[in-house]
Amino acid sequence: MAETTELKNIGLRGVKVADTRISDVDGEKGILIYRGFNVVELARASTYEEVSFLLFNDRLPTRQELQAFRQELVSERTVPGVVLEFMRMMPKSAHPMDVLQSAVPMLAPFDPQLHEETRDANYRKAVRLTAKMATLVAAWDRIRKGLEPVAPNPDLNHASDFLWMLTGNPPHPETAREFDICLILHAEHSFNASTFAGREVASTHAHMHASVAAALGALSGELHGGANSEVMRMLLAVKDAELAKAWVSEKLRKGGKVMGMGHAVYHTEDPRATILRGICERLADRTGDSRWCRLSKAIEQATREEFKKLRGKDIFPNVDFFSASVYHMMGIQTDLFTPVFAVSRISGWAAHIIEEKFAEAQPKAELYRPDSDYVGTYCGLEACEYIPVERRTT
């Protein structure tokens, strides 16, 4: 008899649930591929707009196509006034991710192709959501501070425009380019929790906005998109690089975990973490504030040493680890880190939702409907006997 492999209760780790043409993660070698292109090369030479086009179209654009795509994004950045009015009615203490997850479905009725389920209509919806996600995040940050949202600047690229809408000031060119790289690095990562959530909802034939709202919900958790905010809170708690070793040792010896260290897929260094470490160092040099980068590297080193000592295994930083200090030095508030993740990942989500809807990598579209084993109790041979409430004594 063939041996049965137990796949339950492991968070689907290692379980193949679908084919995809969008990205590939080689956890052993530390390689991340977008549509056949290494993310390291894309981060070096490309832009977020070009990467989004690649994710949506399975190829790089020509010069003319890229220019047209940029203009399409620019033309779709403005958010309906009623959505901004909704934001103004929200408690100023509301978490940005809760506001964002509420605002995205509100965009749905304003999309002229909402219920058109052609490939082209979904592509247009993907472009609109990619353009508007940045505007929503920046607008809420200003509204909660009692400030008026800053209108999008059509002369700026996607990364620069987000920083402009966030602060009302033109960003430093080098900071804008580094933020652009951050968006590229966070744009896609195969079947992670939020992408799977979006695809699962899309498999029901729900529309693009509903699928993205589901992905946003999954991203908000601290074990996924919320991890970078948790990393920053950790840095603020440790405070000093000289205290890192003692803090890490105590944390791990008590069975705790160091946020941003380790990954469900990578067994070597996350290639995105390598790039973000370099950005962290450049920001520290340019701003003259090396505290956060030094602290991050001290915690990384201490965690690797202590983890090896306690468990005999190597552990490496993931994408969340250095993105925390990078965003902090860019002047982005800690609770905006996860929404900024969404500003980037929307293009990856949308690409996956389209692939799921139109079976672009598998024979046909299928509704996700996993099974489970019931481990509850029975009161009889087949089911419990229902006793009317007036006769129940316990």
Side-chain angles (χ1 to χ4, degrees), residues 73-114 124-171 176 179 183 194 198 206-222 225-226 228-229 232-233 327-328 330-347 349-350:
L73 282 173
V74 167
S75 70
E76 297 290 353
R77 286 174 180 168
T78 302
V79 168
V82 68
V83 178
L84 296 179
E85 285 305 312
F86 157 76
M87 288 181 165
R88 291 187 178 96
M89 291 187 291
M90 294 289 283
K92 299 298 185 285
S93 59
H95 193 284
M97 280 302 291
D98 293 331
V99 175
L100 187 59
Q101 194 180 6
S102 301
V104 165
M106 288 194 69
L107 293 174
F110 296 94
D111 194 298
Q113 295 175 290
L114 179 64
R124 301 298 166 191
K125 284 181 272 192
V127 172
R128 293 182 192 112
L129 278 170
T130 300
K132 288 176 170 58
M133 192 73 78
T135 308
L136 288 173
V137 173
W140 170 245
D141 188 54
R142 292 186 65 83
I143 287 170
R144 67 175 176 168
K145 294 173 179 174
L147 302 171
E148 277 299 303
V150 175
N153 186 333
D155 297 326
L156 298 177
N157 68 15
H158 199 69
S160 298
D161 187 56
F162 174 75
L163 296 175
W164 156 257
M165 290 189 293
L166 199 63
T167 66
N169 298 310
F179 185 65
L183 294 182
S194 58
H207 57 60
M208 174 75 72
H209 293 68
S211 302
V212 169
L216 282 165
L219 186 72
S220 66
E222 69 172 35
N228 50 15
S229 296
M232 193 63 225
R233 294 186 183 99
Y327 289 157
H328 184 75
M330 287 181 177
I332 299 172
Q333 286 190 218
T334 301
D335 64 355
L336 281 186
F337 291 179
T338 307
V340 168
F341 196 145
V343 167
S344 170
R345 186 56 61 84
I346 177 59
S347 60
W349 288 336

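Side chains included, hydrogens not; waters and symmetry mates left out as well; all remaining heavy atoms used.
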Exercise. Can you find a pair of side-chain heavy atoms, one from Pro105 and one from His209, that are under 4.5 Å apart?
Worked result: no
For this session: List the atom of Pro152, the atom of Thr135, and the distance in Å for their closest heavy-atom pair.
Result: CG-OG1, 4.3 Å
For this session: Provide the full list of side chain to side chain donor-acceptor pair (under 3.5 Å) pairs with a residue in residues 210-220, sequence neighbours left out, each pair given once.
Result: none
For this session: Heavy atoms only: give me the nearest Ala138-Met165 pair and the separation to one decimal.
Result: CB-CB, 3.6 Å
Exercise. Where do Asn228 and Val340 land on the side chain to side chain contact (heavy atoms under 4.5 Å, CB included) test, with the steps shown first?
Worked result: CA-CA 10 Å; Asn228 50 15; Val340 168; over 6 Å; no
Seminar exercise, completed: Between Ser229 and Phe337, the two heavy atoms sitting closest are OG-CB, 3.6 Å
For this session: Measure across Ile346 and Met133 and return the closest heavy-atom pair with its distance rounded to 0.1 Å.
Result: CD1-CE, 3.8 Å
For this session: Without swapping roles, check the side chain of Asp161 against the backbone of Asn153 for a donor-acceptor pair under 3.5 Å.
Result: yes
For this session: State, with a plain yes or no, whether a side-chain heavy atom of Leu136 is found less than 4.5 Å away from one of Leu107.
Result: yes
Seminar exercise, completed: Closest heavy-atom pair, Asn169 versus Trp164, reported as atoms and distance to 0.1 Å, is C-CE3, 3.6 Å
Exercise. Under a 4.5 Å cut-off applied to non-hydrogen side-chain atoms, are Val137 and Pro96 in contact?
Worked result: no
Problem set entry | Test item: Thr338 side-chain N/O and Gly225 main-chain N/O as donor-acceptor pair under 3.5 Å | yes
Exercise. When rounded to the nearest 0.5 angstrom, what is the spacing between CZ in Arg124 and CD in Gln113?
Worked result: 7.5 Å
For this session: Could I get the full list of side chain to side chain contact (heavy atoms under 4.5 Å, CB included) partners for Met106, not counting sequence neighbours?
Result: Val83, Phe86
Exercise. Given Arg77 and Val74, is the side chain to side chain contact (heavy atoms under 4.5 Å, CB included) satisfied, shown in steps?
Worked result: CA-CA 6 Å; Arg77 286 174 180 168; Val74 167; 3.7 Å; yes
Exercise. By salt bridge (charged side-chain N to carboxylate O under 4.0 Å, His left out), which residues pair with Arg128, not counting sequence neighbours?
Worked result: Glu76, Asp111
Problem set entry | side chain to side chain contact (heavy atoms under 4.5 Å, CB included) against Ala342, all qualifying residues, sequence neighbours excluded | Leu100, Leu216, Leu219, Trp349
For this session: Check step by step if side chain to side chain contact (heavy atoms under 4.5 Å, CB included) holds for Leu84 and Met87.
Result: CA-CA 5 Å; Leu84 296 179; Met87 288 181 165; 4.2 Å; yes
Exercise. Given side chains that start at C-beta, do those of Phe162 and Leu183 come closer than 4.5 Å, heavy atoms only?
Worked result: no
Exercise. Nearest 0.5 Å, what's the CD1-CG distance between Ile332 and Leu163?
Worked result: 6.0 Å
For this session: Can you sort out the partners of Arg88 under side chain to side chain donor-acceptor pair (under 3.5 Å), two or more places apart, ordered by chain and number?
Result: Glu85, Glu148
For this session: For Met90 and Trp140, run side chain to side chain contact (heavy atoms under 4.5 Å, CB included): C-alpha distance rounded to whole Å, both residues' side-chain angles, the deciding distance at 0.1 Å, then the answer.
Result: CA-CA 10 Å; Met90 294 289 283; Trp140 170 245; 3.9 Å; yes
Exercise. Tell me, which pairs form a salt bridge (charged side-chain N to carboxylate O under 4.0 Å, His left out) where one or both residues lie in residues 133-143, sequence neighbours left out?
Worked result: Asp141-Arg144, Asp141-Lys145
Exercise. Shortest non-hydrogen contact from Lys132 to Thr78?
Worked result: CE-O, 3.1 Å
Exercise. Are any side-chain N or O atoms of Lys125 and backbone N or O atoms of Leu114, one a donor and one an acceptor, separated by less than 3.5 Å?
Worked result: yes
Problem set entry | Ala176 backbone acceptor or donor facing Ser160 side chain under 3.5 Å | no
